[in-house]
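Values below: every heavy atom of this structure, side chains too, minus hydrogens, waters and symmetry copies. Order of appearance sets the numbers: ligands from 1, and atoms from 1 within every ligand. Throughout, numbering of the chain's residues begins at 1 and tracks the sequence.
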Amino acid sequence: MKRTVHTDAAIIGGGIAGLWLLNALRGAGYGAVLLESHRLGSRQTLASQGMIHGGLKYALGGLPSRASETIASMPGRWRACLDGDGELDLSSLKPASEHTYLFAEASGLGPLSALLASKVLQSGAQRLQAEEFPALLRTEAFKGVVYRLNDFVLDPVRLTERLANLGAPHLYRAPQIDRIHDGADSARIEIGNLRIACRRLILAAGAGNEALLQRLGLPVAMQRRPLQQVVVRHPTAGPAFGPFFGHCLTDLKGAEPRLTITSHQSERGGPWLWCVGGRLATGGTERSVAKQREFARSELSACVPWIDWREAEIECFRVDRAEPQQDRGQRPDEAFAEVQSSCIVCWPTKLTLTPDLGQKVLAFMPPPEHPEFPALDLPPATVGDPPWTT
Ligand SMILES: Cc1cc2nc3c(=O)[nH]c(=O)nc-3n(C[C@H](O)[C@H](O)[C@H](O)COP(=O)(O)OP(=O)(O)OC[C@H]3O[C@@H](n4cnc5c(N)ncnc54)[C@H](O)[C@@H]3O)c2cc1C
C-alpha cells in the first residue's frame with residue numbers, strides 16, 4: 001500500500017534555487033517539500049563565489065546591457081533580507097565582505113577608465129584614495145586605481161546553512177525518484193511506498209534539470225557553461241595573503257574580469273584561501289589541471305606581483321553553470337522560470353538573481369490549498385561541503 005500525501009509544491013533540487021523557493025513558498029502560505037538527491041548546495045551553490053552584485057562587471061564590455069539593468073536591484077533586495085526586512089529572514093547572516101573592489105594597474109586600464117568613471121557615478125561605487133585601499137593593495141608596489149563597489153559577498157556555506165535551517169523540517173534526501181508523472185493540474189512523485197501528489201512540481205535541480213526534463217518529456221533546453229576554478233593557499237606569504245574580494249582588470253582583454261577573487265576560511269581564525277574565477281576560470285576549461293595551475297600562477301604573478309607566488313599551493317576544480325539554452329550559448333540576462341503543464345522549470349542563472357526567481361515562481365502558483373505538510377518517512381537532507389574542503 002502506498003501512502004499518499006498532498007502538497008501545493010514539491011521542489012526537486014536543494015541548491016540556492018530550491019532552498020529559496022521552499023522558504024518563499026512557505027512564507028506565502030503554501031505547503032511545500034524539497035527533495036535533494038545528494039547534499040544541499042552540493043553542485044554550483046557551494047562552489048559559487050557568493051558575490052551579490054549589481055551588474056557593474058557586466059558593463060565592462062563597454063555597453064550597458066539588459067543584464068545590468070535587471071540585476072541592479074538585487075543587492076538592495078538581498079540587503080533587505082539581511083536586515084530582516086526582506087522576502088526571507090536572513091538577519092542572522094553577516095556578509096563575508098561588505099564590498100567588492102575593482103583594481104587595475106593605472107597603465108593597464110586603457111579605454112575602460114572612462115567607462116568605469118561613468119558607470120561608477122550611476123552605481124554609487126567610489127574611486128578610492130590610496131589610504132582607503134583594501135589591505136592587499138595597500139603597498140608601495142601597487143600604483144594602480146581601485147574602485148569600491150556596493151556589491152557584497154555572502155559565504156555560500158553560511159547562506160546554504162541559513163536557508164536549510166529556515167526550511168527544516170521540509171528538506172528530505174531522496175537519492176532516487178522511482179516514478180514521476182505530470183498532468184495538466186497536478187503531478188506525482190513516487191519514492192518506495194511514498195506518493196507525493198502536488199499541484200506544482202518545481203524543477204530546481206540545476207544541471208540535474210536536464211535529465212528530469214528528458215524523463216518528463218518537457219521541451220525546455222539547458223546549456224552548460226563550464227569553469228575550471230582555482231583554489232589558492234599560500235602558507236608562506238604571511239599576512240600579505242589575507243582576505244580579498246574583488247576583480248582584477250589589469251590589461252583586460254574582453255568583457256570579463258581577468259581574475260575574480262573571493263576568500264574563505266575553513267575554520268574561524270584558520271588560514272585564508274582564495275577562490276579565483278573570472279577569465280582564468282572561463283578560459284581555462286580546455287587546459288589540463290597542470291596547465292591551469294601553471295597559468296594561474298603566472299596570472300597571479302602578473303596581477304599581484306608584490307606577492308611571491310612560487311610557494312603558493314594551487315588546486316583546481318571543474319564545475320558547469322547550468323542555465324536555460326540561449327542563442328550562441330550566451331549568458332542569460334535574468335532568472336528563468338517557465339510553466340510546462342503542472343511543472344515550473346527553474347534556473348536562477350546567478351545566485352544574485354534568486355530573489356527574481358522567487359518572485360517569478362510565486363506569480364505562477366495557484367492559491368494555496370494544502371498549507372500543512374506532514375512529516376515524511378525519508379532521511380533529512382543535510383548541507384554539503386564546498387569543493388575547496390574536499
Ligand atoms: C564557480 C561558480 C561561481 C559562481 N559565482 C557566483 C557569484 O559570485 N555570484 C552569483 O550571483 N552567481 C554565481 N554563480 C552562479 C550560481 O552559483 C548559480 O547560478 C546557482 O548556485 C545555481 O543554483 P541552483 O540551485 O540552480 O543549482 P545547484 O546549486 O547546482 O543545485 C542543484 C541541486 O539539485 C540537486 N539535484 C540534481 N539532480 C537532482 C535530482 N534528480 N533529484 C534531486 N536533487 C537533484 C543537486 O544535488 C544540487 O544540490 C557561480 C557559479 C559557479 C559554478
Side-chain angles (χ1 to χ4, degrees), residues 10-22 34-55 57-58 67 71 74-75 78 96-97 100 151-156 159-160 163-164 171-177 180 189 191 201-216 222 224-231 245-247 257 260-262 275-278 280-282 284-285 316-324 331-332 335-337 345-357 381-384 386-388:
I11 300 167
I12 304 188
I16 185 73
L19 289 167
W20 184 284
L21 292 172
L22 176 80
L34 184 151
L35 302 171
E36 163 60 45
S37 59
H38 188 53
R39 293 180 72 193
L40 300 168
S42 52
R43 300 249 179 114
Q44 296 165 85
T45 299
L46 290 173
S48 127
Q49 294 192 267
M51 287 186 164
I52 304 298
H53 61 91
K57 73 172 190 170
Y58 294 149
I71 213 166
M74 290 300 138
W78 280 92
S97 176
T100 60
D151 305 351
F152 57 94
V153 184
L154 294 177
D155 181 318
L159 173 62
T160 307
L163 290 172
L171 309 164
Y172 291 99
R173 178 138 194 268
Q176 194 180 318
I177 293 172
I180 183 165
I189 289 173
I191 303 166
L201 177 60
I202 299 183
L203 305 187
N209 274 356
E210 194 168 47
L212 290 165
L213 287 163
Q214 258 176 20
R215 201 169 162 185
L216 287 158
M222 192 188 93
R224 292 167 195 259
R225 287 189 305 131
L227 296 169
Q228 185 166 197
Q229 294 284 113
V230 169
V231 178
F245 300 84
H247 312 278
T260 291
I261 302 167
T262 49
C275 222
V276 190
L280 172 65
T282 53
T285 55
C316 308
F317 67 89
R318 292 177 189 273
V319 56
D320 289 343
R321 289 163 293 177
E323 306 162 338
R331 183 191 67 234
F336 177 91
V345 186
C346 300
W347 286 284
T349 76
K350 282 262 144 213
L351 195 84
T352 309
L353 286 165
T354 316
D356 187 33
L357 178 71
T382 54
V383 175
W388 51 87

Check: Taking only heavy atoms of G41, which atoms of ligand 1 are found under 4.0 Å from at least one of them?
Finding: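 Result: 49 (O).
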Nitrogen or oxygen atoms of [X] and ligand 1 under 3.5 Å apart:
X    : value
I177 : no
R43  : no
D320 : no
H38  : no
R321 : no
W347 : no
F317 : no
A174 : no
L227 : no

Notebook entry, point to check: Among the heavy atoms of R39, does any lie under 4.0 Å from an atom of ligand 1?
Noted result: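 Heavy atoms of R39 do come under 4.0 Å of ligand 1.
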Check: Does G277 come within less than 4.0 angstrom of ligand 1, counting non-hydrogen atoms of the residue?
Finding: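 Not so, G277 does not reach ligand 1.
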Item checked: Taking every non-hydrogen atom, the tightest pair across A47 and F317 ->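 In this case the closest contact between A47 and F317 is CB-CE1, 3.8 Å.
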Next item on the list: Would you name the heavy atoms of Q49 and T260 that are closest together and state the gap between them?
Entry: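 So the two residues come closest at NE2-O, 3.1 Å.
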Margin query: Keeping R321 on the side-chain end and R225 on the backbone end, is there a donor-acceptor pair under 3.5 Å?
Written below: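 Answer holds: yes.
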Notebook entry, point to check: Is there a donor-acceptor contact under 3.5 Å from the side chain of Q44 to the main chain of A322?
Noted result: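 Yes, because the side chain of Q44 sits within donor-acceptor range (under 3.5 Å) of the backbone of A322.
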What part of [X] sits under 4.0 Å from ligand 1 if we count only heavy atoms: the side chain, the backbone, both or neither?
X    : result
T349 : backbone
Q229 : side chain
L351 : both

Note to self: Show, in sequence, the C-alpha distance, side-chain angles and deciding distance for L34 and L40, and conclude whether the side-chain contact (heavy atoms from CB on, under 4.5 Å) test is met.
What the structure shows: CA-CA 10 Å; L34 184 151; L40 300 168; 4.1 Å; yes
Next item on the list: Kindly determine whether L227 and T282 satisfy side-chain contact (heavy atoms from CB on, under 4.5 Å), including the steps that lead there.
Entry: CA-CA 5 Å; L227 296 169; T282 53; 3.4 Å; yes
Checklist line | Nearest option to atom 41 (N) of ligand 1, as decided by whichever heavy atom of I52, L212, L353 sits closest | finding: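 It is L212 whose heavy atom sits nearest to atom 41 (N) of ligand 1.
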Next item on the list: Name the option, out of G208, S48, G206, that contains the heavy atom nearest to atom 38 (N) of ligand 1.
Entry: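 It is G208 that holds the nearest heavy atom.
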Check: Would you say the side chain of D151 lies within less than 4.5 Å of the side chain of M51, judging by non-hydrogen atoms?
Finding: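 Counting from C-beta outward, M51 and D151 never come under 4.5 Å.
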Item checked: Rounded distance [0.5 Å steps], CD1 in I16 versus CG in L351 ->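 The distance works out to 5.0 Å.
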Next item on the list: Sequence neighbours left out, what passes ring-ring contact (aromatic ring centres under 6.0 Å, His included) with F336? Give chain and number order.
Entry: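 ring-ring contact (aromatic ring centres under 6.0 Å, His included) list for F336, sorted by chain: W347.
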Could you go through residues 203-213 and list every donor-acceptor pair under 3.5 Å that involves a side-chain atom there, pairing it with any protein atom two or more places apart or in another chain?
{"from": "N209", "atom 1": "OD1", "to": "A205", "atom 2": "N", "distance (Å)": "2.9"}
{"from": "N209", "atom 1": "ND2", "to": "L203", "atom 2": "O", "distance (Å)": "3.3"}
{"from": "N209", "atom 1": "ND2", "to": "C346", "atom 2": "O", "distance (Å)": "3.0"}
{"from": "E210", "atom 1": "OE1", "to": "R224", "atom 2": "NH2", "distance (Å)": "2.8"}

